[in-house]
Every structure is written in structure tokens, then in C-alpha cells.
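Inspection log for the structure reproduced underneath, given as C-alpha cells.
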Amino acid sequence: MSEDFQPTSDFLRILTERGYLHQCSDLAGLDAKAKSGDLTAYIGFDCTAPSLHVGSLVQIMMLRWLQKTGGKPIVLMGGGTTRVGDPSGKDESRKILSLEEIEANKQGIKQVFAQFVQFGEGKTDALMADNADWLTKLHYIDFLRDVGKHFSVNRMLSMDSVKLRLEREHELSFLEFNYMCCQAYDYVELNRRYGCVLQMGGSDQWGNIVTGIDLGRRMGTPQLYALTSPLLTTASGAKMGKTAKGAIWLSETMLPVFEYWQFWRNCEDSDVARFLKLFTELPMEEIDRLAALQDAEINEAKKILATEATAMVHGRAAAERAAETARQTFEEGVVAASLPSLILQANEIPAEGLGVLAAFVKAGLVASTGEARRQIKGGGLKLNDEQISDEKALITIEAIEAGAKLSLGKKKHVLLRLAEG
RNA sequence: GGGGGAGUGUCCCGAGCGGCAAAGGGGGCGGACUGUAAAUCCGCUGGCUAUGCCUUCGUAGGUUCGAGUCCUACCUCCCCCA
């Protein structure tokens with residue numbers, strides 16, 4: 001990488017100073033292009049889930065910055081490539097999703113984007129494309145002759161996405177082997193349709209992106225560019241956004257706002273500065289000030305990080321509500337009514353009361369009654385801040401009406417409530 | 001095409017003389033200590049109507065009172081020869 005190069009375009013300057021930049025095929029060339037005020041770039045997202053999670057947030061933010069600095073972002077939905085399945089970073093083939101599922105996922109993902117970029121018809125308005133529009137119309141023999149002849153199997157075999165499967169001795173189907181060809185072709189197609197000259201993505205996409213540039217050159221596109229962001233891990237090396245309890249989703253229906261806020265609040269000290277730069281839009285001077293805080297004071301920076309990052313996804317009002325809920329819960333020790341809650345129908349509760357094991361499972365705090373038992377043994381479950389020692393304990397309707405708070409550890413809380421009427 | 005080896009707990013890596021819910025790590029979760037952090041120490045890390053029952057060792061059969069372990073076929077992978 002060319003550490004010496006000082007970008008002069010707003011876009012690359014911001015990406016550089018905020019830590020989005022991992023690799024770029026030609027910084028100087030791209031910088032000039034960005035400066036010309038006519039930069040169209042895309043990032044592809046496969047429709048494998050009904051929402052995106054924080055693992056994709058870096059990419060989303062890059063599109064947002066692109067728009068803010070005068071470029072045109074294209075969000076490419078992988079309606080076609082999702083039917084193939086990207087082998088990058090996966091041990092096994094993903095199960096084939098039905099067209100309905102893919103379509104539903106696409107809608108969910110589109111909603112997430114509406115929070116971050118402005119869609120429309122204007123020059124810098126974002127555009128949403130779907131590669132199903134062209135990939136599903138290709139004819140096999142024509143595609144092999146026109147596109148396939150440009151691919152070298154020798155080089156395809158050396159790509160990380162392929163090598164991983166080979167090294168782990170897992171099967172790689174011919175279907176998946178073709179994924180990179182589809183992605184490369186997407187790039188060419190987006191250039192022809194919209195004049196897109198930059199593809200961005202996570203560092204694991206480098207190979208696929210460069211393959212697209214190469215294909216473009218052979219098929220007569222103008223010079224295309226590649227830019228990747230670092231693969232996000234926490235300071236202790238764990239992959240971002242994936243916990244045992246599930247991914248950190250960006251959609252409220254899949255993860256309560258409070259828990260999203262908590263995710264950022266609980267980051268490691270050494271991640272604070274990096275996360276502030278990547279996931280908030282606070283000015284750099286402010287971030288420098290926050291990052292300089294030491295010891296317990298850095299908690300202030302974490303709260304700001306949590307609120308700013310949450311506001312980005314869920315809106316300022318919801319973020320501040322989450323911050324207030326956290327303040328009451330952790331700083332005052334009060335039971336905040338705005339904690340995530342589990343609404344129970346009266347008929348779900350047996351006359352003698354609801355068993356604690358079942359209650360914790362229903363609340364989603366533990367995955368099974370077995371885990372609930374184990375947590376009780378380890379002293380991890382609490383009812384209204386009292387450690388539960390008897391796994392047969394019951395929670396009566398009266399107790400729920402009086403207010404019942406279930407806790408796993410010190411940080412995860414769920415209120416039990418009775419449905420109205 | 002011929003010969004040799006391998007696939008283990010649905011997060012990963014990896015032991016496993018026919019009695020195995022299966023050693024040990026890493027990761028994760030909980031406890032102690034803290035600042036809702038890190039580091040450190042301790043516990044847990046198949047499911048259930050639970051002193052018992054059910055499901056797990058690539059897939060499908062077979063031998064056996066009993067199979068991760070032995071046999072057969074198939075799938076996938078690695079190595080050597082052609």
C-alpha cells in the first residue's frame with residue numbers, strides 16, 4: 001500500500017483518516033477521479049438474511065461517505081448471486097434459498113439502507129440495482145465464450161476463497177466456483193449501465209473485485225478501481241458482530257435498540273477510537289479528544305460512541321431512549337420500564353406460576369432449559385436482582401404484575417409483562 | 001486408471017485398545033476482581049416432561065449383548081505411481 005500518498009479528494013481523505021482504507025488498486029488514479037466530481041461506486045450485498053448486521057456496517061458507511069462527498073453510490077442486491085452462493089470465508093455451501101426468501105430478504109435489506117443513503121433520481125442520489133436482472137438472463141454457451149474465456153482456472157485456484165475450501169478439505173461445488181465470475185461480470189455490467197468505476201468491499205472481497213477489473217479491461221471498459229476496507233475484528237481478535245447469542249443486527253425487529261446500544265457500550269477500551277472513526281460522524285477533533293480519555297473516563301467516550309452509532313441506524317430519539325434506559329439500569333439501579341420486554345398472554349402462565357427455566361428460555365436469554373439450569377448452577381440468572389438458586393422456582397401472575405425482571409449476568413435484562421386485556 | 005491415508009461434539013482446531021455424551025485447546029457464556037473495559041483466576045460449554053430417556057463422530061447398510069472404534073458400498077479430501 002502507498003502510505004506516502006496524500007489524497008486530495010474529500011472522499012479518499014476521509015476514508016484514509018477514518019481508517020476505512022485497507023487496499024486500493026490505484027490511489028492516485030482514484031483520487032483524481034473522485035476529485036472530478038464524477039465518481040460512481042458500488043458495493044454488493046447478498047440477500048442471505050432479512051437484515052444486515054454490524055459486519056456490513058463499514059461498507060455501508062463507505063457508501064454514505066461517498067454520497068456525502070459528491071459521489072453516486074450504487075447498492076447492488078445480489079438477487080442473482082445469492083442463488084449461487086459466495087464461498088468466501090465459508091466452510092460449507094449455504095442452503096439454497098427460495099426465490100421468495102431472497103425477495104423478502106432484499107426488501108428487509110433495502111430498508112436498512114434507507115437510513116444511510118438517499119435514494120432517488122438526482123446526480124448523487126443512490127441507486128439500487130439487482131444482479132438478478134442480468135445474471136438470470138445469460139445464456140450459458142454465450143457466457144462461456146464471451147466472459148469465460150477471460151478467466152484463468154490457474155488463477156482462480158489460487159484465490160483465497162477457493163484456497164480456504166481446498167485447504168480445509170471441504171467440497172467446493174462448481175456452482176460456487178462460478179461465483180467470482182458472476183461478481184466480476186456484475187462489475188462490467190454496472191460500468192456499462194451506470195458508468196460505475198469503483199467497487200468497494202471488505203478485504204475478503206479483494207480477489208473478486210480485482211478479477212472484475214481484469215475482466216473489464218479485457219472486455220473494453222474504462223479503467224476500473226478497487227478499494228477494500230479492513231476486516232473488522234475487535235481488539236482481542238474476535239470477528240465483529242458475531243456472538244454466541246447471534247449477530248448484531250441492524251434491524252430493530254431482529255435486535256432491540258437497547259441491545260444494539262449495549263453492544264457498542266461494551267466494546268473494549270482499545271477499540272473506542274477506531275470505532276468512533278468508523279461508525280460515527282463526529283468530527284476528528286472531537287474523536288481525538290474522546291480517545292485521549294483514560295481509565296474510567298473512557299466510559300464517557302463509550303457512551304457517546306453507543307449513542308452516536310445507534311442514532312445512525314435507529315434515529316437519534318431511539319438512541320437517546322436507549323442511553324437513558326442504560327443510565328437508569330446501570331447507574332441508578334432502577335428497573336427501567338423501557339428495557340426489552342417479553343409480553344405474555346395470561347393463558348401462557350399455568351395457575352401455579354411460570355417456571356423460571358421456561359421463562360428464561362422464552363425471554364431469549366438462554367437457548368435451552370439445559371443452559372438455564374447450568375446458568376443457575378453458575379449463579380448467572382437473577383429474578384429482580386436476586387440470584388435464582390432453585391431451578392423449580394415459579395413466577396406467579398401476581399409477581400409478573402408487580403414487575404418481574406429477568407437477568408442473565410449483569411448486563412442482559414428482560415422484563416416480563418402481561419398482555420393487556 | 002493403480003496404490004496409500006483422512007473426514008470426530010452443527011463456532012474452530014484436535015485426542016480417541018469395541019463399553020463413549022466422547023480427552024485437550026481456542027472461542028463463547030457465567031462467577032470473582034474492575035470502570036457495564038482489559039488482564040488474571042474459577043465454573044460451564046448435546047436435547048428433554050431428567051436419579052431416567054433421546055440424538056450426536058462424512059452418508060447408507062452390516063457384524064456384535066454393545067460401534068466413533070471392525071466389515072461393505074458410496075460421497076469428499078490429501079499423497080504417491082501412471
Side-chain angles (χ1 to χ4, degrees), chain A residues 55 87 89-95 157 162-177 233-248 258-276 290-291 293-307 310 322-334 336 339 350 352 354-358 360-361 363-382 385-392 394 406-413:
Chain A
K90 294 188 198 69
D91 285 359
E92 285 169 24
S93 321
R94 190 179 284 277
K95 79 171 169 116
L157 289 174
V162 173
K163 257 193 338 204
L164 179 81
R165 285 285 180 90
L166 296 180
E167 276 163 13
R168 290 205 182 181
E169 305 181 3
H170 283 256
E171 195 218 17
L172 175 69
S173 70
F174 184 64
L175 172 77
E176 297 167 290
F177 188 58
T233 55
T234 67
S236 36
K239 202 180 246 176
M240 272 284 283
K242 287 181 78 181
T243 70
K245 292 279 180 283
I248 304 298
F258 175 70
E259 285 177 36
Y260 188 78
W261 192 93
Q262 280 290 302
F263 169 75
W264 295 107
R265 173 66 244 273
N266 285 126
C267 76
E268 299 173 22
D269 286 9
S270 43
D271 282 329
V272 171
R274 194 160 55 110
F275 287 178
L276 280 167
L290 292 169
L293 294 175
Q294 290 297 312
D295 301 322
E297 291 196 328
I298 202 164
N299 282 327
E300 290 311 310
K302 289 189 188 180
K303 288 179 206 168
I304 292 171
L305 166 66
T307 301
T310 305
E324 176 59 16
T325 302
R327 197 185 63 75
Q328 290 174 10
T329 306
F330 294 105
E331 293 176 26
E332 291 181 13
V334 184
L339 280 173
E352 68 274 18
L354 182 63
V356 284
L357 298 177
F360 274 88
V361 174
L365 289 169
V366 293
S368 65
T369 60
E371 191 191 334
R373 277 177 230 271
R374 275 180 240 124
Q375 288 293 4
I376 286 174
K377 264 190 213 120
L381 298 190
K382 293 190 199 113
D385 299 318
E386 296 228 0
Q387 211 166 67
I388 296 170
S389 52
D390 176 13
E391 58 184 47
K392 293 210 175 76
L394 298 169
L406 305 181
S407 309
L408 166 65
K410 291 172 196 150
K411 297 179 195 169
K412 292 167 202 122
H413 310 283

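Each chain gets a letter, A, B and so on, in the order its sequence line appears, and its residues count up from 1. What you are looking at is a predicted structure, and each value in this text was computed from that prediction instead of being measured.
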Nearest nucleotide by nearest heavy atom, which residue falls closer to the 5' end of RNA chain B, A:Ala296 or A:Gln387?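 Nearest-nucleotide comparison on RNA chain B picks A:Gln387.
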When the nearest nucleotide of RNA chain B is assigned to A:Ser368 and to A:Asp295 on a heavy-atom basis, which residue is associated with the more 5' position?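 In this pair, the answer is A:Asp295.
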Could you identify the nucleotide paired to [N], looking across every strand shown and requiring Watson-Crick or G-U wobble geometry with both distances under 3.5 Å?
N: B:G14; answer: none
N: B:G43; answer: B:C29
N: B:U72; answer: B:A60
N: B:A50; answer: none
N: B:C77; answer: B:G5
N: B:A67; answer: none

Mind checking the [atom1] distance from [N] to [M]? Whole angstroms is fine.
N: B:A21; M: B:G16; atom1: C1'; answer: 14 Å
N: B:G68; M: B:C79; atom1: C1'; answer: 25 Å
N: B:C41; M: B:C57; atom1: C1'; answer: 33 Å
N: B:A39; M: B:C33; atom1: C1'; answer: 11 Å
N: B:G30; M: B:A38; atom1: P; answer: 11 Å
N: B:G3; M: B:U56; atom1: C1'; answer: 34 Å

Applying side chain to side chain donor-acceptor pair (under 3.5 Å), can you list everything that pairs with [X], at least two apart in sequence or on another chain?
X: A:Asn266; value: none
X: A:Arg374; value: none
X: A:Lys303; value: A:Glu300, A:Glu331

Among [options], the one nearest [X] by side-chain distance:
X: A:Trp261; options: B:U36, B:G30, B:G35; answer: B:U36
X: A:Ala326; options: B:U36, B:A32, B:G35; answer: B:U36
X: A:Glu268; options: B:U36, B:A38, B:G30; answer: B:A38
X: A:Arg374; options: B:U45, B:A37, B:G30; answer: B:U45
X: A:Asp269; options: B:G30, B:U36, B:G35; answer: B:G35

Qualifying residues under salt bridge (charged side-chain N to carboxylate O under 4.0 Å, His left out), relative to A:Glu332, sequence neighbours excluded: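 For A:Glu332 the salt bridge (charged side-chain N to carboxylate O under 4.0 Å, His left out) partners, ignoring immediate neighbours, are A:Arg327.
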Going by the rule side-chain contact (heavy atoms from CB on, under 4.5 Å), which residues pair with [X] if we only count those two or more places apart in sequence or in a different chain?
X: A:Ala363; value: A:Leu342, A:Leu365, A:Leu406, A:Val414
X: A:Thr329; value: A:Thr325, A:Ala336, A:Leu339, A:His413
X: A:Glu391; value: A:Leu357, A:Arg373, A:Ile376

Can you tabulate the close N/O pairs, meaning under 3.5 Å, that link protein atoms to atoms of nucleotides 49-53 of chain B?
from  : atom 1 : to       : atom 2 : distance (Å)
B:A50 : N6     : A:Arg373 : NE     : 2.7
B:A50 : N6     : A:Arg373 : NH2    : 3.1

For B:C20, glycosidic torsion class - syn if within 90° of 0, otherwise anti: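 Syn conformation here, the glycosidic angle of B:C20 being no more than 90° from 0.
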Using a cut-off of under 3.5 Å, enumerate the N/O to N/O pairs linking the protein to nucleotides 40-43 of chain B.
none

Within the pair [X] and [N], is there a side-chain N or O less than 4.0 Å away from OP1 or OP2?
X: A:Ser270; N: B:A38; result: no
X: A:Lys411; N: B:G31; result: no
X: A:Lys377; N: B:G31; result: no

Test for a donor-acceptor pair under 3.5 Å between the base of B:U36 and the side chain of A:Lys303, counting only N and O atoms.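 In this structure, the two groups form no donor-acceptor pair.
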